[in-house]
Amino acid sequence: MERYNFKKIEEKWQNHWEKEKSFSTKIDKSKEKFYCLEMFPYPSGKIHMGHVRNYAIGDVLARFKSLKGYNVLHPMGWDSFGMPAENAARQNNLNPKDWTESNISNMKSQLKKLGLSIDWDREISTCSSDYYKHQQEFFLELYDKGLVYRKENYVNWDPVDETVLANEQVIEGKGWRSGAIVERRKLNQWFFNITKFSDELLKGLDVLDQWPNKVKTMQKNWIGKSYGCEVNFKIETDKDIDEIKCYTTRPDTLFGMSFLALSVDHPIAKFYSEDPNFIKFKEECSKIGTTEESIAVAEKLGFKTDLLAINPMNNKIKVPVYFANFVLMDYGLGAVFGCPAHDQRDLDFARKYNLKVTAVVKPENEKDIVIEKKAYVDSGILFNSDIFDGLKVPNESIPEIINYLEKNKFGVRQTNFRLKDWGISRQRYWGCPIPIAYDENNNPVKIPKELLPIKLPEIKKLDSTGNPLDKMEDWKKIKINGKVCIKETDTLDTFVDSSWYFLRFCSPNQTTYGFDEEEVKYWMPVDQYIGGVEHAILHLLYSRFFMHALSLDNKNFNFKEPFKGLFTQGMVCHETYKDQNNNWVSPDELITINGKKFLKADKTNEVIVGPSESMSKSKKNTIDPEKIIQDYGADSVRLFILSDSPPEKDVQWSDEGMNSSFKFIQKLWMLNQKIFLEINADHPKNSENKIEIITNRFIYDVEKNIENFSYNKIIANFYEFYSAINKLINDKIEKKSLIENYGNSLIAMSPVIPHFANECLEMLSIKGFKSKFIWPKINKEILKSDKINFVVQINGKTRGLLKVNNGINEKDLIGKMREDNKINNYIKDKEFKKTIFIPNRLINIII
RNA sequence: GGGGCGAUGGCGGAAUUGGUAGACGCGUUGGUCUUAGGAACCAAUAUGGCAACAUGUGAAGGUUCGAGUCCUUUUCGCCCUACCA
C-alpha cells in the first residue's frame, strides 16, 4: 500500500481551491449568511503557532458553516501599520513599506500552506492608501459629529530618540530602545470622544450573550461606572479660593472626614508653584510614578497647605488640606476627602501624618468599633453622624446623605466613569496621516475630502530619531482654499485601523466610501470573532466605539455591536530549556538521548528543562510552523493544534503529540485503502446496521462539538470513529452502505483535515458517492436503535451494566436484572424500599 | 488591594450539566512481526488487593437514593487590573 503523500495532495487541493476560487463569496439572499472572522495578523515576517491555532479554529468553523449551507464570509487581511516596521527599518536601513510588503507576501504564502478557506479576493492591508483613505474620511466624519477634539496631554517622551513612547515601551522608567530616562511632557494630542458613549458601551455588553463573561467583566471594569456625588467644601484661606469640589462614592462617611487631599496637578497647585517645598514634593511624586511601578503600594506622601476645608455636614469641623501622591488628576475631580476609618489609603495617610481617625460606621449589633491598622469598609450602621445615626450602610445612608447635600446645595448626585477619551495621536511615520492642517494662526483646518488621501511620503530610509514627517518641509505644505497650510505630522494610533477593518471586508473594493451599505447590511455583524484574549479590552472596545460613532445621526448605518459572537483562544506553550550557563536554548539545538536532553553541539552538556510557557522569542521556546508544515503537512498540524486542549485554554506543544497526529493521518489513509478494497469486493447486503450507527453517532458528536467549540473532543471523535470502523471493516459491509457512510464521515472530517478528506471524497465519487458539499443529515432513528448501557446501582453503588434496548421501561429492566447472575445476587430475596429509575440511563434500588 | 478563572492518573485533558469518574491522546509496561528499530500492529495502564471488593476528583463539612458537578468553610495556583476616591 502506498503511503499518504501529503505534499503532493495538499498542494493539489490548495491549487484547486485557488484556481476554482472555491472560497470567494458574494451576497446571496437565498442563503443565511455567516461572517467568520479571525483577528487579522500584524505582518511581522513569519506566522507563529498562535496564528496557526487561531486560524485553524476559525477555518474549522467556516468550513463547517459552509457545509451546513450558510453563505460564509471568511476574509483575511493585514494590520500593517505600526512600530515594528519602523524599528526594523531603522535597524536594517530599509523603508517600512518594503519591509512590510515583503513580510505580507511571505506570510500569505505560509497561510496558504495551511489550507485555509479564505476569500483572498477580499484581502486588505491597512497601510495601503486604498484603505486609509477611507479612514481619513471617517476621521473627518467623526470630526463633524463633534467626536474628535484636540487637547494637551501628558506623554512619555524619550529625549534621546526624540519620540513618544507607549506605556508598554517604558520599562522601569526608561525607554525600551534608548535606555534614556523617560520624561513626562505635555503635547497637543488628538482625541476620540469615546466617553460620550460610556453608558451605551456599558449597556451594550448585556446584549452580547455570545461573549465570554470574562471579557465582558474586563470591559465593565475598564469603563468603571460608579455612583456617587460631588461635594463642595468651603475653604478657609487668605488666598483667592472659595471652594474645592470632591467626587465621592461614600458621602455617608463625611462625618468621619479628617483631611482633604488634592492631586499635584489640581488647579489649586498654581498658588504653590513658587513654593520650593511644593516643587520638591511634586518632583518626588513624579519619581515614584515612573520609576517604581513595580512596587505595588508606594508610600503615601503629602504636602500640607495652609488651607482649611469646612465639612458641609457640620461647619464647625475644619480639616487640613494636603497635596497627596495617591490622588490622580484624571479620575473624578482630582480631589478627595479623606475618611481614614473607612478607607485603607486614607488610614495609611492619616497614620503617617497623625490625623484624627473617627469611625462613623460600625457593624450591626456592635456598640462601637476600634480602628487600628485596618479600615472598616463593610456594611453596617451609621453612628457619630448626628441626625443620620442608625441608618443602614450603604443602602440607606448613601441616598439619604446625597439628598441632604442636594437639598442644601452642598453637592450634587453624580455618576462617574473610569474610561478616558481615546488619545489617537502618534508621533510616528508608519501610520495613517491625520487629515488636518494648520493655518497661519496655527488653527486646525479640515483637509477637504477631494484632497484625500493624504498619502505618506515615500521615504528611502529613516533617521534614527524624531518623527520623519515633521522634517519633510515639502510634504507638510498643503493648499486649502488657496491658502498654504501645514499638515498635521502625527499619525493615527493603529487601533484606529483595526476598529473598522471588518466593515471593509464586506466591500473591499468600494472606492466612494469605506464600505457599501448594502453589503454591510447583509454581512454584518461578525457572527463569530476569534482571537487572543489580549485584545479583550482595547481593540474590542474601540471597535464597538467606532460603530457607535458611525451610527450617530446616520439612518443608513444603525447597528452598534460589531461582533455578535466572540471566542478567545488560549496560547500555545512549549517547554523551556536552559544550558549550564543559564542561557535560553531553542528546541532546535537539542538532541534527546535516553530521554534526556542535550545540546546537539556538545552532547555531554545536559540542558535544564524548565516549565512550559507561552512561546516567545525571548525564551527561545518557539516552533516554526513553516518547518512543521513541511515535515508533517497542514492536515496533521491542524489536527494536532486542535487536539490536546480545549481551544479557550493554553495548549502544550509536544513533538510526540505532533508525531501521533501525523501517524493518525497515515492510519486514516491505510483505512481508506482498506475501504476501497472492500468496496471493490462488492459484498452483498447484510441486515445489520452497525456502520450506520457508528457513522451517525460520529457525525452527531462532531457537529455538537464544533458548535460548542469543544474542538479537542472532535479529535477524540476522530480516533474513536477510526478504531470502530477499522474493526468493523472485517465484517464485509455492503458496497452501497459503505460508500454512503464512509463518504458522509469524510465530510464530517473535512473541516479539520480538508486536504485529506477532499482527496478521499474525490476517489469515492468515482465509486458513485454523490453529496459532496452538504453536511450529512443525522438519522435519529438509527441512533435510537443502538443499545444502551444501563447503569444498575444497588444502594447507590454501581453493581453492573446492562446492555438493553433504547426506551426500556422499569419493569422490563428489573426483569433483565434478575436474569443477570451477578446483579441478581444483590437483589434476590430482598424487598425494594425505593427505586429510582432514570430512563435510558440509570436505576438505583434501595434495599 | 480589587476582579476573574481554576485544582480530576506519570502528563494534556473527558464526564451528555446531579447519574458508569478518568473518553481521546501522550508516556509507561508486556507481546507479535522484523536483520534491527526510536517503524507497524495487539494488549494492559487511577490506587491497594490473587480475587471478591475497598478507596479515589486540593482539604473539611453539608444537601441528596446518588456529588468532580450544588451549598458552606478553607488551602493553593494562574490570569487580568491597579492608589478609581
Side-chain angles (χ1 to χ4, degrees), chain A residues 212-218 220-222 224-226 228 231 246-251 253 261 263 288-289 293 296-300 324-328 330-339 343-346 348-349 375 377 416-420 533-534 536-537 570-571 573 592-595 612 639-640 643-646 648-661 663-664 666-667 670 701 704 710 712-723 726 789-801 822 833-838 840-846:
Chain A
N213 282 329
K214 183 174 67 170
V215 174
K216 286 196 277 189
T217 311
M218 283 164 84
K220 244 174 225 162
N221 293 340
W222 189 260
K225 185 173 188 174
S226 68
V231 186
C246 294
Y247 173 75
T248 180
T249 54
R250 292 298 304 276
T253 61
S263 158
I288 289 167
E293 297 157 332
V297 186
E299 198 191 1
K300 308 273 175 287
N325 63 345
F326 63 91
V327 183
L328 307 172
D330 51 10
Y331 183 79
L333 299 164
V336 299
F337 78 81
C339 173
D343 183 290
Q344 192 59 45
R345 283 160 314 171
D346 295 347
D348 295 344
F349 190 81
V377 293
N416 200 15
F417 293 93
R418 207 196 78 121
L419 184 68
K420 292 178 201 115
V533 75
E534 65 273 19
I537 298 176
M571 289 181 294
C573 299
T592 309
I593 303 166
N594 296 331
S612 183
L639 193 70
F640 174 64
S643 69
D644 262 10
S645 301
E648 70 275 14
K649 286 198 192 161
D650 290 354
V651 65
Q652 310 291 325
W653 182 272
S654 79
D655 296 342
E656 293 80 9
M658 182 60 244
N659 206 31
S660 86
S661 294
K663 286 194 285 192
F664 182 64
Q666 294 294 343
K667 285 191 205 174
M670 293 302 159
D701 287 344
K704 192 183 66 194
S710 301
N712 54 327
K713 286 189 246 167
I714 301 173
I715 314 304
N717 299 145
F718 279 26
Y719 279 99
E720 282 165 326
F721 174 75
Y722 165 81
S723 28
N726 202 32
N789 282 326
F790 215 101
V791 180
V792 178
Q793 295 187 338
I794 316 291
N795 286 340
K797 288 203 190 259
T798 303
R799 294 301 182 185
L801 279 179
K822 199 185 139 203
K833 284 187 187 137
K834 193 174 177 184
T835 308
I836 293 105
F837 180 84
I838 313 289
N840 286 343
R841 189 148 306 167
L842 170 141
I843 188 165
N844 186 8
I845 289 173
I846 312 302

Do the non-hydrogen side-chain atoms of [X] and [Y] ever get within less than 4.5 Å of each other?
X: A/F326; Y: A/D346; value: yes
X: A/N416; Y: A/Y331; value: yes
X: A/V791; Y: A/L801; value: yes

Roughly how many Å apart are [M] and [N], using the [atom1] atom of each and rounding to a whole number?
N: B/C84; M: B/A23; atom1: P; result: 49 Å
N: B/C78; M: B/U63; atom1: P; result: 35 Å
N: B/U28; M: B/G10; atom1: C1'; result: 8 Å
N: B/G56; M: B/A40; atom1: P; result: 40 Å
N: B/G68; M: B/G22; atom1: P; result: 12 Å
N: B/G18; M: B/A67; atom1: C1'; result: 7 Å
N: B/A82; M: B/G3; atom1: P; result: 16 Å
N: B/G4; M: B/C71; atom1: P; result: 15 Å

Per [X] side chain, nearest of listed nucleotides [options]:
X: A/N789; options: B/U20, B/C53, B/A82; answer: B/U20
X: A/E656; options: B/C80, B/C26, B/U81; answer: B/C26
X: A/I846; options: B/U55, B/C65, B/U81; answer: B/C65
X: A/S660; options: B/C83, B/C26, B/G19; answer: B/C26
X: A/K834; options: B/C65, B/C84, B/A54; answer: B/C65
X: A/T217; options: B/G4, B/G19, B/A85; answer: B/G4
X: A/Y331; options: B/A21, B/G4, B/A85; answer: B/A85
X: A/N221; options: B/C83, B/A82, B/G3; answer: B/G3

Shortest non-hydrogen separation from [X] to [Y] and the atoms involved:
X: A/D644; Y: A/Q652; result: OD2-O, 4.4 Å
X: A/F349; Y: A/A324; result: CE1-CB, 3.9 Å
X: A/I843; Y: A/F790; result: N-CE2, 3.5 Å
X: A/S263; Y: A/L328; result: CB-C, 4.0 Å
X: A/Q344; Y: A/A375; result: OE1-N, 2.9 Å

Measure [atom1]/[X] against [atom2]/[N] and give the value in whole Å, please.
X: A/F326; N: B/C84; atom1: CZ; atom2: P; value: 9 Å
X: A/K713; N: B/G25; atom1: NZ; atom2: P; value: 16 Å
X: A/N726; N: B/A40; atom1: CG; atom2: P; value: 14 Å
X: A/N416; N: B/C84; atom1: CG; atom2: P; value: 13 Å
X: A/R345; N: B/A82; atom1: CZ; atom2: C1'; value: 11 Å
X: A/M571; N: B/C78; atom1: CE; atom2: P; value: 13 Å
X: A/K833; N: B/G66; atom1: NZ; atom2: C1'; value: 17 Å
X: A/N844; N: B/C65; atom1: CG; atom2: P; value: 10 Å

Which residues share a side-chain hydrogen bond (donor to acceptor under 3.5 Å, both in side chains) with [X], sequence neighbours left out:
X: A/T798; value: A/Q793
X: A/E534; value: none
X: A/T217; value: none
X: A/N840; value: A/N806

Item to complete: Can you sort out the partners of A/K834 under side chain to side chain contact (heavy atoms under 4.5 Å, CB included), two or more places apart, ordered by chain and number?
Response: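 With sequence neighbours excluded, A/K834 shows a side chain to side chain contact (heavy atoms under 4.5 Å, CB included) to A/I836, A/I846, given in chain and number order.
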Discussion item. Dot-bracket for RNA chain B, please. Rules: Watson-Crick or G-U, both distances under 3.5 Å, ( ) within the strand, [ ] when a pair crosses earlier ones, | for another strand, . otherwise.
Written reply: (((((((..(((......[....)))((((((.......))))))(((....)))..(((((..]....))))))))))))....
Practice prompt. State the syn/anti category of B/G9 according to its glycosidic angle, syn meaning within 90° of 0.
Written response: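 Nucleotide B/G9 adopts syn.
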Discussion item. As a test of the definition: with a 90° window around 0 for syn, would you call B/U64 syn or anti?
Written reply: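 Anti, since the glycosidic angle lies more than 90° from 0.
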Contacts under 3.5 Å, N or O only, protein and nucleotides 16-18 of chain B:
{"from": "B/U16", "atom 1": "O2", "to": "A/R841", "atom 2": "NH2", "distance (Å)": "3.4"}

Discussion item. Classify the ring geometry of A/W653 against A/F640: parallel below 30°, tilted from 30° to 60°, perpendicular beyond 60°.
Written reply: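 It falls in the perpendicular class, over 60°.
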Worksheet item: Base, sugar-phosphate, or nothing for A/S654, non-hydrogen atoms under 4.0 angstrom?
Response: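 Nothing, no heavy atom under 4.0 Å.
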Discussion item. Just to be sure I understand the rule, does A/K667 reach a base, reach only the sugar-phosphate, or reach nothing, if contact means heavy atoms closer than 4.0 Å?
Written reply: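 If one applies the 4.0 Å heavy-atom cut-off, A/K667 turns out to touch the sugar-phosphate alone, with no base involved.
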Discussion item. Would A/N795 and A/K797 count as a side chain to side chain contact (heavy atoms under 4.5 Å, CB included) here? Give the steps.
Written reply: CA-CA 6 Å; A/N795 286 340; A/K797 288 203 190 259; 5.7 Å; no
Can you tabulate the close N/O pairs, meaning under 3.5 Å, that link protein atoms to atoms of nucleotides 10-13 of chain B?
{"from": "B/G12", "atom 1": "O2'", "to": "A/S645", "atom 2": "OG", "distance (Å)": "3.1"}

Discussion item. Applying salt bridge (Lys or Arg N to Asp or Glu O under 4.0 Å), can you list everything that pairs with A/K663, at least two apart in sequence or on another chain?
Written reply: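 Expected list: none.
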Discussion item. Generate the contact string for nucleotides 46-51 of chain B. Rules: B means base contact, S means sugar-phosphate contact only, - means no protein heavy atom under 4.0 Å.
Written reply: ------
Worksheet item: Would you say A/D650's side chain and A/M571's backbone share a donor-acceptor pair under 3.5 angstrom?
Response: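 Such a contact is found between A/D650 side chain and A/M571 backbone.
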Worksheet item: When you match A/I838 and A/G332 each to their closest nucleotide on RNA chain B, which lands nearer the 5' end?
Response: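 Here A/I838 is the residue nearer the 5' end.
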Item to complete: Look at A/K214 and B/C80 and indicate whether a side-chain polar atom (N or O) is within less than 4.0 Å of OP1 or OP2.
Response: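 Checking B/C80 against A/K214, no side-chain N or O comes under 4.0 Å of OP1 or OP2.
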Worksheet item: Closer than 4.0 Å, any side-chain N/O of A/K663 to the OP1 or OP2 of B/C26?
Response: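 Indeed not, no polar side-chain atom of A/K663 lies that close.
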Practice prompt. Kindly state which residues belonging to residues 715-723 of chain A come within less than 4.0 angstrom of RNA chain B, counting heavy atoms of the residue only, listed by number.
Written response: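 By residue number: A/A716, A/Y719, A/E720.
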Worksheet item: Is it true that atom NZ of A/K214 has more than 12 heavy atoms of other residues, nucleotides or ligands lying nearer than 6.0 Å?
Response: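 No, NZ of A/K214 has 12 or fewer neighbouring heavy atoms, counting only those of other groups under 6.0 Å.
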Could you give the side-chain donor-acceptor pairs of residues 712-720 of chain A under 3.5 Å, partners two or more places apart or in another chain?
{"from": "A/N717", "atom 1": "OD1", "to": "A/N705", "atom 2": "ND2", "distance (Å)": "2.8"}
{"from": "A/N717", "atom 1": "ND2", "to": "A/K713", "atom 2": "O", "distance (Å)": "3.4"}

